[in-house]
Student: 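Below you'll find the structure I mean.
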Amino acid sequence: MASDCLFCKIIQGEIPATIIYKDAEIIAFKDIDPQAPQHLLIVPRKHIRNVLDLTTADNSLIGNIYQVAGKLAHDLGFAEDGFRIVNNCNDAGGQTVWHLHFHLLGGRDMTWPPG
Ligand code: 5GP
Ligand code: ZN
């Protein structure tokens, strides 16, 4: 828990969010500014700044996040059509919240290259 972190506050229930999934180490909630018909943020409960701070101790956590992403895509009905998982890292990568999170985007055709 980082006291000045928005996502830690959502995890603690101090700031409201539409939570779609939670387990012992992960929560997923709706992005406040959706970039697709379905846009969730999948977030470890543990405060990790971004992928640059991951250690081997986090390997199973990251594996679980991807497994949950696939399960949510399936449950939300866009797995077969296709979807995107995005992680923005540091300023040039577009990171604006400094707690590791993975965007799960679905419900429309995605373009490539990304912006
Ligand atoms: P980033 O830009 O760091 O990759 O993604 C941060 C995401 O957090 C953005 O898509 C932004 O819309 C979302 N976000 C920012 N503030 C809030 C909030 O208070 N609640 C929710 N649910 N999402 C937020
Ligand atoms: Zn945090």
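For ligands, and for the atoms within them, numbers begin at 1 and follow the listed sequence. These numbers come from a predicted model, not from an experiment.
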Student: In the shown structure, where waters are left out, how many protein N, O or S atoms lie under 2.8 Å from the Zn ion (ligand 2)?
Tutor: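 Number of qualifying protein atoms: 4.
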Student: Can you see which heavy atom on P37 is nearest to which on G107, and at what distance?
Tutor: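 Taking P37 first and G107 second, the nearest heavy atoms are CG-O, 3.2 Å.
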Student: Let me check something: do L76 and I85 share a hydrophobic cluster, defined by ILVMFWY side-chain heavy atoms less than 4.5 Å apart, either directly or through other members?
Tutor: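 L76 clusters together with I85.
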Student: I'd like to know whether ligand 1 has Q35 as a neighbour, heavy-atom separation below 4.0 Å.
Tutor: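 No heavy atom of Q35 comes that close to ligand 1.
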Student: Of all the atoms in ligand 1, which lie at a distance below 4.0 Å from a heavy atom belonging to G94?
Tutor: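 Listed by number with element: 1 (P), 2 (O), 4 (O).
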Student: If you take all heavy atoms of N50 and W98, which pair is closest and at what distance?
Tutor: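 Closest approach of N50 to W98: ND2-CZ3, 4.2 Å.
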Student: State, with a plain yes or no, whether a side-chain heavy atom of V43 is found less than 4.5 Å away from one of F29.
Tutor: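 Yes, at least one pair of side-chain atoms sits under 4.5 Å.
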Student: Got the closest protein heavy atom to atom 1 (P) of ligand 1, with its distance?
Tutor: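 Nearest protein contact, heavy atoms only, for atom 1 (P) of ligand 1 is H101 NE2, 3.2 Å.
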Student: Counting neighbours of CG on D109 that are heavy atoms of other residues, nucleotides or ligands and sit closer than 6.0 Å, is the number greater than 12?
Tutor: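 Atom CG in D109 is not crowded, with 12 or fewer foreign heavy atoms closer than 6.0 Å.
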Student: Just to be sure I'm reading this right: ignoring hydrogens, which of W98, F102, F29, F7 gets closest to atom 8 (O) of ligand 1? Compare them by their nearest heavy atoms.
Tutor: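 Comparing heavy atoms across W98, F102, F29, F7, the nearest one to atom 8 (O) of ligand 1 lies in F7.
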Student: Between I11 and P44, which heavy-atom pair has the shortest distance, and what is it?
Tutor: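 Smallest interatomic distance, heavy atoms only, reads CD1-O, 3.6 Å.
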Student: Would a hydrophobic clustering, with Ile, Leu, Val, Met, Phe, Trp and Tyr connected at side-chain separations under 4.5 Å, put I19 with V68?
Tutor: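 Looking at the clustering, V68 is in a separate group from I19.
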Student: At their closest point, which heavy atom of A2 faces which heavy atom of C8, and how far apart are they?
Tutor: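 Closest pair (atom of A2, atom of C8, distance): N-SG, 3.3 Å.
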Student: Answer yes or no: does an N/O atom from N88 fall short of 3.5 Å to an N/O atom of ligand 1?
Tutor: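 Yes; at least one N/O pair falls below 3.5 Å.
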Student: Assigning hydrophobic clusters by single linkage (Ile, Leu, Val, Met, Phe, Trp, Tyr; side-chain heavy-atom cutoff under 4.5 Å), is F78 placed with Y66?
Tutor: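 Yes; Y66 is reachable from F78 via cluster members.
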Student: Any atoms of ligand 1 less than 4.0 Å from a non-hydrogen atom of D33? List them with their elements.
Tutor: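 Every atom of ligand 1 under 4.0 Å from some heavy atom of D33: 12 (O).
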Student: Which residue and non-hydrogen atom of the protein lie closest to atom 16 (N) of ligand 1, and at what distance in Å?
Tutor: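 For atom 16 (N) of ligand 1, the nearest protein heavy atom is L6 CD2, 3.3 Å.
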Student: Is the side chain of N87 donor-acceptor paired with the backbone N or O of H103 at a distance under 3.5 Å, no angle test?
Tutor: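 No, because the side chain of N87 does not come within donor-acceptor range (under 3.5 Å) of the backbone of H103.
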Student: I10 versus ligand 1: do any nitrogen or oxygen atoms come within less than 3.5 Å of each other?
Tutor: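 No, no N or O pair falls under 3.5 Å.
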Student: Atom 2 (O) of ligand 1: which protein heavy atom is closest, and how many Å away?
Tutor: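 I find the closest protein heavy atom is T96 OG1, 2.7 Å.
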Student: Which protein heavy atom lies closest to atom 11 (C) of ligand 1, and at what distance to 0.1 Å?
Tutor: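 Scanning the protein heavy atoms, the shortest distance from atom 11 (C) of ligand 1 goes to D31 OD1, 3.4 Å.
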Student: If you count the non-hydrogen atoms of other residues, nucleotides and ligands that lie under 6.0 Å from CD in E14, is the total more than 12?
Tutor: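 It does: E14 CD has more than 12 such atoms within range.
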Student: Is the CD atom of Q67 crowded by more than 12 outside heavy atoms at less than 6.0 Å?
Tutor: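 Not buried by this count: 12 neighbours or fewer within 6.0 Å.
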Student: Find all atoms of ligand 1 within a distance of less than 4.0 Å from any non-hydrogen atom belonging to Q95, and give their numbers and elements.
Tutor: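 What qualifies from ligand 1 is 3 (O).
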Student: Identify the protein heavy atom lying closest to atom 22 (N) of ligand 1, giving its residue, its atom name and the separation to 0.1 Å.
Tutor: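 Checked against all protein heavy atoms, atom 22 (N) of ligand 1 sits closest to K30 O, 2.9 Å.
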Student: The criterion is ring-ring contact (aromatic ring centres under 6.0 Å, His included); which residues satisfy it with H47, sequence neighbours excluded?
Tutor: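 Result, ring-ring contact (aromatic ring centres under 6.0 Å, His included) vs H47: H99.
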Student: Kindly confirm or rule out an N or O of L41 lying under 3.5 angstrom from an N or O of ligand 1.
Tutor: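 No; the residue has no nitrogen or oxygen that sits under 3.5 Å from a nitrogen or oxygen of the ligand.
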Student: If you have a sec, work out which protein heavy atom is nearest atom 24 (C) of ligand 1 and how many Å separate them, to one decimal?
Tutor: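 So the nearest neighbour among protein heavy atoms is I32 CG2, 3.4 Å.
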